[in-house]
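Hydrogens, waters and symmetry mates are skipped; everything else that's a heavy atom, side chains included, is used. Numbering starts at 1 and runs along the sequence shown.
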Amino acid sequence: HRKLRQFRTTAERTPTNSSTLLVTHFVDATESGSDWAEMLKRIMRLIKEHFGLSFEIPEARQLLPAAFGNCLFCIPADKKFVLLIDGIDKIEIYNTYAGFSWLPTELPPAATLILSSSFDFDLSELKQRRHSSIKLKPLQTSEREGFVVRYLNQYRKSVDREMLSK
């Protein structure tokens, strides 16, 4: 989980003068990672800080979906915002906000959303919104091993064959 937490802080390290803000959210990275309300508050705080915007972030769960949508439309047109949520199928859904109702139906041109889920997760609601989807096949063993080796090589680290095959 340590590596996931490092990835999760990508947005906090993005220079504020950058025209693009990349926010990553790995649902399984922390205990509160599956709480959609806390996720939206965190994302809105990062957008507000990075782009120097002024808007209120509500505490009430029922107000968060609309506030999140409005927040995305506040991003300046000459800037870019990319949100990657890994494990969308593991987000806890609370009564009123079943499915993807917490997610805006329309995204502004400045915003790009990338979601990942398990293979058996129902994405029909997103498809009705005319969002494009790409179905990826699992990596082959040799591809996974190659990925791990290349990743570790960047940091001059390695892993023995036995660990690699697990």
### Query
Do you know the tightest heavy-atom contact between Cys74 and Leu53?
O-CD2, 3.6 Å

## Note on the structure
Nearest heavy-atom approach of Leu139 to Arg144 is O-NH1, 2.8 Å

### Query
Does the Asp160 side chain pair with the main chain of Met163, one donor and one acceptor, at a distance under 3.5 Å?
yes

### Phe55 six-ring centre to Lys48 NZ/CZ under 6.0 Å and within 45° of normal
yes

### Query
From Ile57 CD1 over to Leu40 CG, what is the distance, rounded to the nearest 0.5 angstrom?
10.0 Å

### Query
Heavy-atom count around Gln154 CD within 6.0 Å, excluding the residue itself: above 12?
yes

### Query
Do Met44 and Leu64 come within less than 4.5 Å of each other through their side chains, counting heavy atoms only?
yes

### Pairwise side-chain contact, Thr20 with Lys79, heavy-atom cut-off 4.5 Å (strictly under)
no

### Query
Going by heavy atoms in the side chains, are Val27 and Ile85 under 4.5 Å from each other?
yes

### Task
May I ask you to say whether Arg161 pairs ionically with Glu145, meaning some side-chain N is under 4.0 Å from a carboxylate O?
yes

### Message
If we ignore hydrogens and angles and just use 3.5 Å, is the side chain of His25 paired with the main-chain N or O of Leu83 as donor and acceptor?
### Response
no

### Task
Find the distance between OG (Ser34) and CE (Met39) and round it off to the nearest 0.5 Å.
10.0 Å

### Query
Taking C-beta and beyond as the side chain, do Phe68 and Lys41 meet within less than 4.5 Å on heavy atoms?
no

### Task
Find the distance between CH2 (Trp36) and CD1 (Ile91) and round it off to the nearest 0.5 Å.
10.5 Å

### Query
Is Lys80 close to Leu22 at the side-chain level, that is, under 4.5 Å between some pair of heavy atoms?
no

### Over all atoms of both residues, closest heavy-atom pair of Leu72 and Pro108
O-CG, 3.2 Å

### Task
Please check if Ile114 and Leu136 belong to a single hydrophobic cluster, counting links between Ile, Leu, Val, Met, Phe, Trp and Tyr side chain heavy atoms closer than 4.5 Å.
no

### Query
Would you find a donor on one side and an acceptor on the other, under 3.5 Å apart, between the side chain of Ser116 and the backbone of Gly87?
yes

### Task
Just do the side chain to side chain contact (heavy atoms under 4.5 Å, CB included) check on Leu21 and Ile47 with the steps written out, would you?
CA-CA 8 Å; Leu21 172 62; Ile47 290 171; 4.1 Å; yes

### Message
Other residues, nucleotides and ligands only: do more than 12 of their heavy atoms fall within 6.0 Å of CD on Glu56?
### Response
no

### Task
Output, in order, the C-alpha distance, side-chain angles, deciding distance and verdict of side chain to side chain contact (heavy atoms under 4.5 Å, CB included) for Val149 and Leu164.
CA-CA 9 Å; Val149 168; Leu164 189 58; 4.0 Å; yes

### Task
Measure the shortest side-chain to side-chain distance between Leu152 and Val159 over non-hydrogen atoms and say whether it is less than 4.5 angstrom.
yes

### Task
For residues Ser117 and Asp89, report the shortest heavy-atom separation together with the two atoms involved.
CA-OD1, 3.3 Å

### Message
In the structure I gave you, are the side-chain heavy atoms of Leu115 and Leu103 within less than 4.5 Å of one another anywhere?
### Response
yes

### Closest non-hydrogen atom pair, Pro104 against Gly69
CG-CA, 3.7 Å

### Task
Assess Arg61 against Trp102: is NZ or CZ under 6.0 Å from the centre of the six-membered ring, and within 45 degrees of the ring's axis?
no

### Task
Among Ile43, Leu107, Thr112, Leu46, find the one that has a side-chain contact (heavy atoms from CB on, under 4.5 Å) with Phe81.
Ile43

